[in-house]
Protein chains: 2
Amino acid sequence: MAAKTRKRQEMLARPGLIRRRNVAKILKAAETVFASKGFSGASTAAIARLAGVPKPNLHYYFRTKQALYEAVLDHVLGMWVDAMEELHPGADPADALSRYVARKIDLSRRLPAASRLWAMEMLAGAPHIGGFLRGRVRELVAEKSALIETWIEAGRIAPVVPAHLFFVIWAATQTYADFAVQMTAVLNRKSLDADFYDTGRDTLTTLIVNGLGLKR
Amino acid sequence: MAAKTRKRQEMLARPGLIRRRNVAKILKAAETVFASKGFSGASTAAIARLAGVPKPNLHYYFRTKQALYEAVLDHVLGMWVDAMEELHPGADPADALSRYVARKIDLSRRLPAASRLWAMEMLAGAPHIGGFLRGRVRELVAEKSALIETWIEAGRIAPVVPAHLFFVIWAATQTYADFAVQMTAVLNRKSLDADFYDTGRDTLTTLIVNGLGLKR
DNA sequence: GCAAATCCTGACCGATTGATCAAGATGCGC
DNA sequence: GCGCATCTTGATCAATCGGTCAGGATTTGC
């Protein structure tokens with residue numbers, strides 16, 4: 001039964017050195033272009049140019065612009081969700097929140113395009129990930145909100161509406177990727193170094209930890 | 001010398017009831033479309049359709065897409081800058097910061113498209129407002145940062161890097177416009193009512209005021 | 001009420017869009 | 001090194017893009 005020849009779609013997904021290298025190049029370029037121009041504003045020609053491949057070659061690996069976009073999104077959504085696992089039962093509230101903030105800001109520094117693509121999707125009205133938001137993310141937020149509530153009931157942190165706490169954390173960490181251009185412009189810097197992000201992390205952590213009545 | 005007929009450009013800027021009404025319709029539609037699709041992704045046809053005017057009519061009032069975009073931006077940039085005036089010497093730190101947060105969140109509720117357009121510009125790399133950021137905004141931030149510093153030196157608020165405090169405030173207030181779609185999806189709500197924004201305002205205000213060692 | 005200025009719009013333009021295809025080039029299993 | 005699968009690419013497609021224009025309709029100033 002282990003057929004020698006599989007279906008077309010599966011074959012296209014099979015390893016193959018050339019394939020993997022080209023797909024990686026295209027995905028990376030696509031993430032950058034989609035993140036700065038949005039889905040409608042991005043052109044497959046621009047992506048192909050940045051990836052260093054002819055346009056028909058891009059369509060050889062990804063049939064449609066939509067398929068390419070969804071492939072890029074998959075990667076981004078995964079990382080976004082995974083980061084929330086820093087908040088888990090048994091962790092010390094101040095520790096867990098600090099770790100989550102640190103991890104989110106680290107993502108903003110190392111992979112800013114991912115954060116920007118997420119933001120771009122939201123600005124566009126989340127037309128491609130509505131189901132994901134109403135499914136996986138909603139469950140995740142419900143679960144983590146319940147955890148925060150237990151901390152509050154146990155008197156370990158000050159009362160707060162968990163969802164809004166998350167909104168603040170998400171916004172204030174992702175801003176270090178999404179609004180990096182504004183930061184460099186306003187501060188008159190050529191680029192943002194590690195110290196800069198560390199200061200951001202410390203500022204936000206202090207506000208949250210002190211704000212929730214915790215001591216560091 | 002007060003010529004009866006002025007230059008073409010000035011005449012085009014003259015009042016006129018029909019003109020004002022149509023320009024307003026187009027600007028409003030343009031703000032919405034640019035905010036969700038970005039400059040490159042927005043089509044003049046889509047803007048004209050939403051505004052309820054034929055496409056050539058749109059080009060009658062705004063020669064180019066670029067000119068229309070800049071007209072929309074003007075409006076947005078002005079509001080963004082004005083809000084910062086809540087932070088002024090002589091104000092009580094807790095009061096001033098609370099007011100600024102409240103005003104910014106109020107903007108996010110009442111005029112979300114403006115905030116989204118600002119965010120869209122940043123994601124695109126601020127290609128149209130780089131000069132504005134490095135000029136007016138940089139001055140403004142320097143001025144307000146100096147004010148924060150005086151509060152710190154006077155022992156009225158805990159030490160903090162002013163710029164990063166601003167980054168947190170900007171992000172956590174604008175997120176109520178930029179990421180509203182995510183919020184409705186995650187919380188399973190059809191729309192976000194006034195109570196929702198008030199809770200957000202209170203959450204953020206508490207975090208900042210407590211976080212900076214102030215009592216409410 | 002009559003000009004002149006303003007406003008409106010169908011038709012149209014070249015450029016760019018996402019996507020396709022045939023045919024050739026290259027890589028790889030055996 | 002043969003043969004098949006994979007990869008590459010120039011040429012090309014219809015659709016949409018931003019923008020123009022002529023000329024008719026309407027408003028406005030006097």
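Every chain is numbered from 1 and lettered A, B, ... according to where its sequence line falls, protein lines coming before strand lines. All heavy atoms count here, side chains included; hydrogens, waters and symmetry mates do not.
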Answer yes or no: are there more than 12 heavy-atom neighbours, outside B/K37 itself, under 6.0 Å from its atom NZ?
-> no

Sidechain-backbone polar pair: B/T173 side chain, B/W170 backbone, donor-acceptor under 3.5 Å |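 Yes: the side chain of B/T173 pairs with the backbone of B/W170.
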
Take the protein atom CD1 of A/I47 and the nucleotide atom P of C/dT17, then report the distance between them rounded to whole Å.
->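 After rounding, the reported distance stands at 11 Å.
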
Between NE2 of A/H59 and P of C/dG18 the distance, given in whole Å, is 7 Å

Contact class for B/P54 vs. all strands (heavy atom < 4.0 Å): base, sugar-phosphate, or nothing?
->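 Here B/P54 touches the backbone only, sparing every base.
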
Spacing of B/K65 atom NZ relative to D/dG18 atom P, expressed in whole Å =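 Rounded to the whole Å, the gap is 4 Å.
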
Spacing of B/R49 atom CZ relative to C/dT9 atom C1', expressed in whole Å | 17 Å

Would you tell me if any nitrogen or oxygen in the side chain of A/Y60 comes within less than 4.0 Å of OP1 or OP2 on D/dC7?
-> yes

Rounded to whole angstroms, how far apart are CG on A/N22 and P on C/dG27?
->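 Distance, rounded to whole Å: 12 Å.
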
Report yes if a donor N or O on one partner sits less than 3.5 Å from an acceptor N or O on the other, where the partners are the side chain of A/K55 and the base of C/dG18; otherwise report no.
-> yes

Look at all strands and tell whether B/Y61 reaches a base, only sugar-phosphate, or nothing, counting heavy atoms closer than 4.0 Å.
-> sugar-phosphate

Given atom CG of A/N57 and atom P of C/dT26, what is their separation to the nearest angstrom?
->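 Atom-to-atom, A/N57 to C/dT26, this comes out as 14 Å.
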
Among the nucleotides C/dA19, D/dG10, D/dT20, which one has an atom lying closest to any side-chain atom of A/P56?
->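 So the side chain of A/P56 is nearest to D/dG10.
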
A/H164/B/Y176 under ring-ring contact (aromatic ring centres under 6.0 Å, His included): CA gap, chis, key distance, verdict = CA-CA 10 Å; A/H164 287 273; B/Y176 282 92; 5.7 Å; yes

Do NZ/NE/NH1/NH2 and the carboxylate oxygens of B/K144 and B/E85 come within less than 4.0 Å?
-> yes

In whole Å, what is the span from the CD atom of A/E70 to the C1' atom of C/dG18?
-> 15 Å

Quickly work out the B/I18 CD1 to C/dA5 P distance and round it to whole Å.
->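 Rounded to the whole Å, the gap is 16 Å.
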
Sidechain-backbone polar pair: A/T184 side chain, A/V181 backbone, donor-acceptor under 3.5 Å |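 Side chain of A/T184 to backbone of A/V181, a donor-acceptor pair under 3.5 Å: yes, one is there.
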
Please work out if B/A42 contacts a base, only the sugar-phosphate, or nothing of the nucleic acid, heavy-atom cut-off 4.0 Å.
-> sugar-phosphate

